[in-house]
Number of protein chains: 2
Amino acid sequence: MNTRLRHDAIVRSLRRNGTLTVADLAQEVGASRRTVLRDISALRDEGFVIHSEPGRGGGLQLDPQSVQTTARLSVAEVFALLISVACMRAAGNLPFSGLADAGLAKIERALPSDKVRDLRRFLDCLYVGQLSPQVDISDMGVMEPALLPAFETAFLQRHHLGFQYRDAKGAVTSRIVEPQAMLILPPLWYLVGWDPVREDFRHFRMDRISRPKYLPNTSFRQRHVPFEDNIRPIRDLPR
Amino acid sequence: MNTRLRHDAIVRSLRRNGTLTVADLAQEVGASRRTVLRDISALRDEGFVIHSEPGRGGGLQLDPQSVQTTARLSVAEVFALLISVACMRAAGNLPFSGLADAGLAKIERALPSDKVRDLRRFLDCLYVGQLSPQVDISDMGVMEPALLPAFETAFLQRHHLGFQYRDAKGAVTSRIVEPQAMLILPPLWYLVGWDPVREDFRHFRMDRISRPKYLPNTSFRQRHVPFEDNIRPIRDLPR
DNA sequence: TCATTAGTGACAGAATTTGGCACTATTACA
DNA sequence: TGTAATAGTGCCAAATTCTGTCACTAATGA
């Protein structure tokens, strides 16, 4: 039996049985008493809280609050979680956000630092407002999955972003803008872009954008976007 | 050097240098070419996408999108993340939720199954409505951190829940209820409880509850709560 | 006082990992 | 076309790590 598998088996067994002696555990996982003790020591090093009592009637007990889990997450998945929690927090008075932050901070800490820097730069351009205007939900489209990656790339690389836009009357036009920010007024998301042809800022409802595509042959110098006071970036992240 | 450490070193090195040959990597991490090749194979098994080109000028290249991170999360932290994403999804048309779900599903899969069962039972009692009534945000209090754990325990163990409640006029009363559900109408959260004294359901704004405490000496048989059609449980979770 | 339990240290044997080597397949370049 | 450079595989012995055994200490309850 693999060391890792044995560690898992020990944690499971402790969770199931409450209190166990080292000898019991050794029999259960099919290893020697010495090995189990070494495993317990390793688990404690990894952050599991295991109480122990020597003497008659003693044994080991796992603190259930310390039960932990691991998972390998890709950068995109971490990013999605990050946004979810940041929005939740920015959007209102929500419980758990402290705990969720703690969890995210742990995940984030494990990411390579340049990726974190990119994530933060990207989050700098996300703004959240207090409440959405009253919206007919049935009218809402679905945001294209490709939109966010395209926006992220265009924003970070300072490239122009092209797309098809369907306005409130249903008319479709082709647009090319310099992406400046994203504005979240739940449940609506807006893309804020500088339109170099019209020489003005424009807000686009993100569920009305289709076929987004960044244009790698173009580039621009980033500007600051003037936003109202009650809109704040969701920059305010764990740690 | 530990196998795990070497794997991390290889990933870091590939990220930093873009393209590297196996020989370069071997020198960098201080291991033999054969060992590095074995490590690459192991990393691929773990989900890292590593492109390779044989022949002159070839080498290895790590797909940056596949960079992964691990973290150990406690059950409470996973729970908090779970709620965040579930609420986000229930509250409206949001991007990323697919990705966030995928990340959460990975985390959840690694949890002990009895904990997952508890989480799901608890989430069954959470309901989310479409939009909040217009609320004076400045009037909103802060939810007590102890409230959720107390509610969770009371709900799962079917114990009564006692607390102090401050109504809209500011009058404070002591309440004891059988917790039935939680209702989320962002940004407000409500506790739905059966009041055995008044023999009726009562809704309590959670930011007006203080000193929550479950009463382990009491118990009750759980009832179904009649809810309107436009309120749906946020049960609809990853996987 | 005694049986029972956690915990430590040392050491030999078991198991796993590592390095070296010979090999194949692929590619760029002269 | 030939040659050097590269990824990748299989095999085996050496190096390293892990495991079990044993002897021990300390703490606890009966």
Side-chain angles (χ1 to χ4, degrees), chain A residues 1-68 70 72, chain B residues 1-68 70 72:
Chain A
M1 161 115 67
N2 188 341
T3 302
R4 181 62 176 271
L5 292 178
R6 210 175 47 235
H7 285 194
D8 289 351
I10 287 175
V11 170
R12 268 201 309 280
S13 197
L14 278 175
R15 277 192 54 75
R16 193 170 52 242
N17 297 317
T19 304
L20 281 177
T21 68
V22 176
D24 292 343
L25 272 175
Q27 192 177 12
E28 194 144 345
V29 303
S32 73
R33 186 174 155 275
R34 186 69 184 84
T35 299
V36 169
L37 278 164
R38 270 190 279 249
D39 290 338
I40 295 292
S41 167
L43 286 171
R44 282 173 170 156
D45 285 347
E46 286 179 38
F48 287 88
V49 177
I50 298 171
H51 307 292
S52 63
E53 285 288 336
R56 204 163 203 165
L60 301 175
Q61 199 171 19
L62 174 64
D63 184 332
Q65 279 311 306
S66 77
V67 172
Q68 300 188 323
T70 59
R72 299 202 87 109
Chain B
M1 163 116 62
N2 188 340
T3 303
R4 180 64 176 269
L5 291 178
R6 211 174 48 235
H7 286 193
D8 289 352
I10 288 175
V11 170
R12 268 200 309 281
S13 197
L14 278 175
R15 277 192 55 77
R16 193 170 53 244
N17 297 318
T19 302
L20 282 177
T21 68
V22 177
D24 294 342
L25 270 175
Q27 192 175 13
E28 193 144 347
V29 303
S32 73
R33 184 174 158 277
R34 187 68 187 85
T35 299
V36 169
L37 277 163
R38 269 191 280 249
D39 291 338
I40 295 291
S41 167
L43 285 170
R44 283 173 168 156
D45 285 347
E46 288 179 36
F48 287 88
V49 177
I50 298 171
H51 307 291
S52 63
E53 284 288 335
R56 204 165 201 162
L60 301 175
Q61 198 172 18
L62 174 64
D63 184 331
Q65 279 310 307
S66 78
V67 171
Q68 299 189 324
T70 58
R72 300 203 86 109

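Reckoned from all heavy atoms, side chains included, excluding hydrogens, waters and symmetry mates. Throughout, a chain's letter reflects where its sequence line sits, starting with A, and its residues are numbered from 1. Since the structure is predicted, the reported quantities are computational estimates derived from the model, not experimental observations.
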Given side chains that start at C-beta, do those of A:Val29 and A:Ser13 come closer than 4.5 Å, heavy atoms only? no
Nucleotide C:dA6, atom P - distance to CD of A:Gln61 in whole Å: 12 Å
So, does the side chain of A:Arg34 form a donor-acceptor pair with the base of C:dG7 at under 3.5 Å? no
When you check the phosphate oxygens OP1 and OP2 of D:dC22, does a side-chain N or O of A:Arg33 lie under 4.0 Å from one of them? no
Any A:Thr3 side-chain N or O less than 4.0 Å from OP1/OP2 of D:dT17: no
What is the separation between atom CZ on A:Arg6 and atom C1' on C:dT16, rounded to the nearest whole Å? 13 Å
Reckon B:Arg56 has a side-chain N or O less than 4.0 Å from the OP1 or OP2 of C:dA30? no
Provide, to the nearest angstrom, the distance between the CG atom belonging to B:Leu5 and the C1' atom belonging to D:dT17. 14 Å
Please state how far atom CG in B:Leu25 lies from atom P in C:dG19, giving the value in whole angstrom units. 14 Å
Between B:Arg12 and the options B:Leu14, B:Ile10, B:Asp8, the side chain to side chain contact (heavy atoms under 4.5 Å, CB included) test singles out B:Asp8
Using whole Å, what does the distance between atom C1' of nucleotide D:dT17 and atom CG of A:Asn2 come to? 13 Å
Which residue is it: A:Arg6, A:Arg44, A:Arg34? I am looking for the one with a side chain to side chain donor-acceptor pair (under 3.5 Å) to A:Asp39. A:Arg6
Applying side chain to side chain contact (heavy atoms under 4.5 Å, CB included), run through A:Val22 and A:Ile40 and close with a yes or a no. CA-CA 9 Å; A:Val22 176; A:Ile40 295 292; 5.7 Å; no
Any side-chain N or O of A:Ser52 less than 4.0 Å from the OP1 or OP2 oxygen of C:dA6? no
At a heavy-atom distance below 4.0 Å, what parts of residues 36-46 of chain B sit against DNA chain C? B:Arg38
Can we say A:Glu28 and A:Arg16 salt-bridge, meaning some charged N sits less than 4.0 Å from an Asp/Glu carboxylate O? yes
B:Glu53, CD atom: more than 12 neighbouring heavy atoms under 6.0 Å: no
Among C:dT5, C:dC29, C:dT4, the one nearest any side-chain atom of A:Thr21 is C:dT5
Got a second to check how far B:Leu60's CG is from B:Leu20's CG, nearest 0.5 Å? 7.5 Å
Let me know, please, whether A:Gly57 or B:Gly58 comes out on the 5' side of the other along DNA chain D by nearest nucleotide. B:Gly58
In this structure, how many angstroms lie between the P atom of D:dA26 and the CD atom of A:Glu53, rounded? 18 Å
Whole angstrom is fine here: how far is it from CG in A:Leu20 over to P in C:dT4? 18 Å
Just compare C:dG7, D:dG20, C:dG19 and give me whichever is closest to any side-chain atom of A:Ser32. D:dG20
